[in-house]
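In what follows, a structure is listed as structure tokens, so that the remarks can point back to it.
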Number of protein chains: 2
Amino acid sequence: MSIYQRIFTDIETKIISGDWRPGDRIPVEHELVAEYRCSRMTVSKALSALAERGMIVRRRKTGSFVASPQIDRTVMDIQDISTEAELAGHEHRFEILARKIERLGEAEAQQLSEPADAEVLRLQCLHIVDGRPNAIERRIIMLDAVPRAREESFASIPPGKWLLEQVPWSKAKHVIRAVSADTVTARILQTKRGEACLSLIRQTWQNGRTVTYVEFTHPGDRFQFAGTFHPAAN
Amino acid sequence: MSIYQRIFTDIETKIISGDWRPGDRIPVEHELVAEYRCSRMTVSKALSALAERGMIVRRRKTGSFVASPQIDRTVMDIQDISTEAELAGHEHRFEILARKIERLGEAEAQQLSEPADAEVLRLQCLHIVDGRPNAIERRIIMLDAVPRAREESFASIPPGKWLLEQVPWSKAKHVIRAVSADTVTARILQTKRGEACLSLIRQTWQNGRTVTYVEFTHPGDRFQFAGTFHPAAN
DNA sequence: TATATCTATTTGTATAGTCAAAAGCGGAGC
DNA sequence: GCTCCGCTTTTGACTATACAAATAGATATA
């Protein structure tokens, strides 16, 4: 493994693991030069690569800092179809509909590739934007990965935001589907049974362990995902 | 603008414009060094950045080549829910349901940000995978951007694939929605009216001009989008 | 003929330096 | 107080060079 890759992954690991948190300062180049006994070019290359991936932010004179995570932006760029307006200026609130601690069932355990007896926090949450139901959030939080979730009531902070503060960096897999609203979902979202809904499922890992699994169900007549992509590697 | 950026954008432009096509060889480093009168490090940095973005492929001894476009993979990573299998090994065919040349209407022109009298080729196409309807493709091709579409019958090659050969590199915007199948859509897709369908809209540009606008409508009970994302810049 | 070896080419990584640009900081002058 | 100036730190871009690794193609050998 090359020096440049070692520096890159060392810093990436510190960020992903939460050891260095958003806003934290990264050693300046000459410190890393001393630490790794290499030239400044090599350090610079590693830091530039991290900056290009959006993991750190670099500023002259002040140094380099851990960036804020953007995982939510990646796919959660939800647009309100009726207004086409950005989220700014919208009134958002949420209600916890259910909260219980239990063990994973056999089927779910298989789905998440986690042991069947793993303790989890199961949440159900309704998001309301401008007075109208916007999404049902059905979430599973792995308690061994995020033990502090056991004491958190989520009364004043939505689970997604809270988790981001606990586990700021991670990898995620998304699945987007169209589903028909069942009776319960339709009632909660105040729409008709059978209505087309957009479902976003996200499973999040940190260091190879599942942190959370969540499904958002949006009323299809009101919401969509949008994004600009250009071809990329990986 | 730095030398490294100039080399990068020069090559990117040649690829995006179709001047250099997938598989074409890129000048080796020492040729670019001579052309830009700079050091090899600078050329190497530009080429490495292009490789990281997936626009070129680099191999020792043989040189660097324009990569194959991946825009379809970005979001079109469609999984068959029932089989969860990859596309390989599935029998795919398609039928052209409609093909006509006309001028953009006022409403559509506004939606695409194109002049209202622009000549377009309008296509409707049904995709069938393993004998079952998989998607309706409703496509608009801008004839001034792709004049050769006028003579193409699309009898033996699907429009998306054909376009990729004509206009291999481009930028795209995607919108994903859930919609209820109307009567016509339901009949074509052999599903029930009102059934939840997943709709993917993609608008593609080349050098700032719209190339094509397409909407795929998939039966929601059979298909989904999936992808692994990690936080990225831009 | 088939296989092993050599050679030339091209990319990959690294060094040790230079100069420049951005920006925070403190001090001089008003 | 405020503005302007120069100093210093840190990143950004670049050079010229070196050696290593991969490998396509030519050459030599069994």
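Order of the sequence lines sets the chain letters (A, B, ...), proteins ahead of strands, with each chain counted from 1.
If you measure from atom CG of B/L32 to atom P of C/dT9, you get 18 Å, rounded to the nearest angstrom. Protein atom CD of A/E52 is 11 Å distant from nucleotide atom P of D/dG12, rounded to whole Å. Per the geometry, CG belonging to A/L47 stands 16 Å off C1' belonging to C/dA14, to the nearest Å. A/I26 has its CD1 atom 13 Å from the C1' atom of D/dT11, to the nearest Å. Nucleotide C/dT9 holds its P atom 9 Å from the NE2 atom of B/H30, rounded to whole Å. Rounded to a whole Å, the CZ atom of B/F8 is 13 Å from the P atom of D/dA13. C/dG12 atom P lies 16 Å from atom NZ of B/K45, rounded to whole Å. Atom CD of B/E31 and atom C1' of C/dT9 are 12 Å apart (whole Å).
Residue B/R6 is classed as having no contact, given no heavy-atom separation below 4.0 Å to the nucleic acid.
Not a single side-chain hydrogen bond (donor to acceptor under 3.5 Å, both in side chains) links A/R6 to another residue, sequence neighbours left out.
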Atom pairs under 3.5 Å: protein N/O with N/O of nucleotides 17-22 of chain C:
from: C/dA22; atom 1: O4'; to: A/R60; atom 2: NH1; distance (Å): 3.3

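For the residue pair B/Y213/B/Q111, the side-chain donor-acceptor check at 3.5 Å is satisfied.
In this structure, A/R58 reaches the D/dG12 phosphate: one of its side-chain N or O atoms is under 4.0 Å from OP1 or OP2. Applying the 4.0 Å criterion to OP1 and OP2 of D/dT15, one finds that B/T42 has a side-chain N or O inside that range. Contact annotation: A/S64 does not reach the phosphate of D/dT10 (side-chain N/O to OP1 or OP2, under 4.0 Å).
When all heavy atoms of B/L198 and A/I176 are compared, the closest pair comes out as CD2-O, 3.6 Å. Residues B/V57 and B/A67 approach most closely at CG2-CB, 3.8 Å, considering heavy atoms.
Each of B/T62 and B/S44 was assigned the nucleotide of DNA chain C with the nearest heavy atom; the assignment lying further toward the 5' end belongs to B/T62. Both B/P27 and A/I3 lie close to DNA chain C; mapped to their nearest nucleotides by heavy-atom distance, the more 5′-ward contact belongs to B/P27.
Other residues, nucleotides and ligands place no more than 12 heavy atoms under 6.0 Å from the CD atom of A/Q110.
Axis angle, first five pairs versus last five pairs of the helix from C/dT1-D/dA30 to C/dC30-D/dG1: 0°, rounded to 10°.
Using cut-offs of 30° and 60° for the angle between ring planes, the B/F154 and B/W162 rings count as perpendicular.
Among the candidates B/Q203, B/Q206, B/R139, B/R202, the single residue satisfying the side-chain hydrogen bond (donor to acceptor under 3.5 Å, both in side chains) test with B/T212 is B/R139.
A salt bridge links A/R58 with A/E29: at least one charged nitrogen is closer than 4.0 Å to a carboxylate oxygen.
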(message) Walk me through whether B/T210 and B/I140 qualify under side chain to side chain contact (heavy atoms under 4.5 Å, CB included).
(response) CA-CA 10 Å; B/T210 302; B/I140 291 170; over 6 Å; no

